[in-house]
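Order of the sequence lines fixes the chain letters, A, B, ..., with proteins taken first and strands second; residue numbering starts at 1 for each chain. Being a predicted model, the structure only gives us computed values, none of them experimental. Worth knowing before you read on, the calculation uses all heavy atoms, side chains too, and leaves out hydrogens, waters and symmetry mates.
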Protein chains: 2
Amino acid sequence: MAYDVYSAECPARAVLDHVGDKWALLVLNRLTQGATRFNALRREISGLSQKVLSQVLKRLERDGLITRQVFATVPVTVEYALTGLGECLTANVGPLLRWAETNMDQIRAAQAEYDRRLAQAA
Amino acid sequence: MAYDVYSAECPARAVLDHVGDKWALLVLNRLTQGATRFNALRREISGLSQKVLSQVLKRLERDGLITRQVFATVPVTVEYALTGLGECLTANVGPLLRWAETNMDQIRAAQAEYDRRLAQAA
DNA sequence: CCGGGCAGTTTCCCTTGCGTAACCTGGTGT
DNA sequence: ACACCAGGTTACGCAAGGGAAACTGCCCGG
């Protein structure tokens with residue numbers, strides 16, 4: 001293995017900074033359902049502001065994970081879609097999100113238990 | 001599916017906040033190699049400060065993803081290990097890190113290409 | 001007695017993330 | 001002429017993130 005994520009100098013750390021981004025994960029995952037327009041993404045991912053969305057999209061495009069295609073419709077529409085590289089990444093992201101949805105209850109229970117014990121100790 | 005990560009109100013978003021954390025991902029992944037002591041983690045994950053490590057560990061413990069076991073040795077040693085829930089999560093995290101290490105080169109190339117075009121346009 | 005290792009906690013402080021909201025461009029309906 | 005759509009960019013400002021480094025407490029070896 002040429003790279004080692006445990007090393008601070010490893011460029012893979014930079015990738016991790018992008019992947020370890022809540023919004024990026026959600027955007028990427030949403031794009032697995034097909035090419036999507038800017039405002040559609042904004043509407044569907046609740047809590048995501050215009051500014052942050054445009055930043056995230058720019059970063060993902062720069063990383064070669066998504067493509068930005070402009071259509072000369074009226075008004076102009078812009079579609080974002082996964083590249084091959086992006087698809088290959090989302091194959092790994094999807095399970096993570098599904099895990100989060102599936103194991104929510106156990107985590108909330110663990111948190112409640114932890115907080116209870118902490119309160120008791122104090 | 002009871003939960004929907006696209007909704008801002010979904011508690012799974014909270015989980016995503018933890019999962020979408022560079023340091024947490026690295027710590028979790030390191031623990032798949034077995035129980036590890038505090039300073040061992042700190043040394044092995046370069047760039048990770050004491051403060052951040054202790055914060056991350058506390059959060060992961062609260063989430064029920066890792067256990068903290070104190071041994072009455074001299075000096076006292078503390079071992080962190082994955083719980084069943086944690087193991088099940090890392091099963092999804094590992095591929096992500098491996099993906100980052102594997103596809104680094106393609107991403108760097110994409111970034112260089114993007115920056116080149118940007119410079120040309122300006 | 002001093003330094004050093006373990007396992008943290010705390011303080012300081014600077015950078016960044018991100019929500020809010022206004023503004024911009026360009027074309028279209030009314 | 002005016003407002004409105006899409007798709008952004010920019011300015012503002014707070015609050016959280018996280019690095020550096022000092023401090024605690026305990027015990028060991030030299």
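Within the 4.5 Å cutoff, no side-chain heavy atoms of A:N29 are placed close to those of A:L96. No side-chain heavy atom of B:R37 sits less than 4.5 Å from a side-chain heavy atom of B:V78. Between A:E79 and A:T67 there is no side-chain heavy-atom pair separated by less than 4.5 Å.
Residues from residues 48-62 of chain A placing a heavy atom under 4.0 Å of any atom in DNA chain D, listed by number, are A:Q50, A:K51, A:S54, A:K58. A heavy atom closer than 4.0 Å to some atom of DNA chain C occurs in no member of residues 29-43 of chain A.
Within the 4.0 angstrom heavy-atom criterion, only backbone atoms of the sugar-phosphate kind lie near B:Y80; the bases stay farther away.
Distance CG (B:D21) to C1' (D:dG18): 11 Å, rounded to an integer number of Å. Taking atom CD on B:E44 and atom P on C:dC6, their separation rounds to 12 Å, with Å as the unit. Atom pair B:L26:CG and D:dG18:C1' shows a separation of 15 Å (rounding to whole Å applied).
Taking a cutoff of 4.0 Å between a charged side-chain nitrogen and a carboxylate oxygen, B:R116 and B:E113 qualify as a salt bridge. Ion pairing between B:D21 and A:K22 fails under the 4.0 Å rule for side-chain N and carboxylate O.
In this structure, B:F71 and B:V76 approach most closely via the heavy-atom pair O-CG2, 3.1 Å. In plain terms, the two heavy atoms of B:Y80 and B:R68 that are nearest each other are OH-NE, 3.3 Å. Minimum heavy-atom separation, B:T90 to B:L28: CG2-O, 3.5 Å.
Remark on DNA chain D: of its neighbouring residues B:W23 and A:R68, the 5'-side contact belongs to A:R68, judged by nearest-heavy-atom nucleotide.
Distances from the side chain of A:T77 to the nucleotides D:dA6, C:dA7, C:dG27 place D:dA6 closest.
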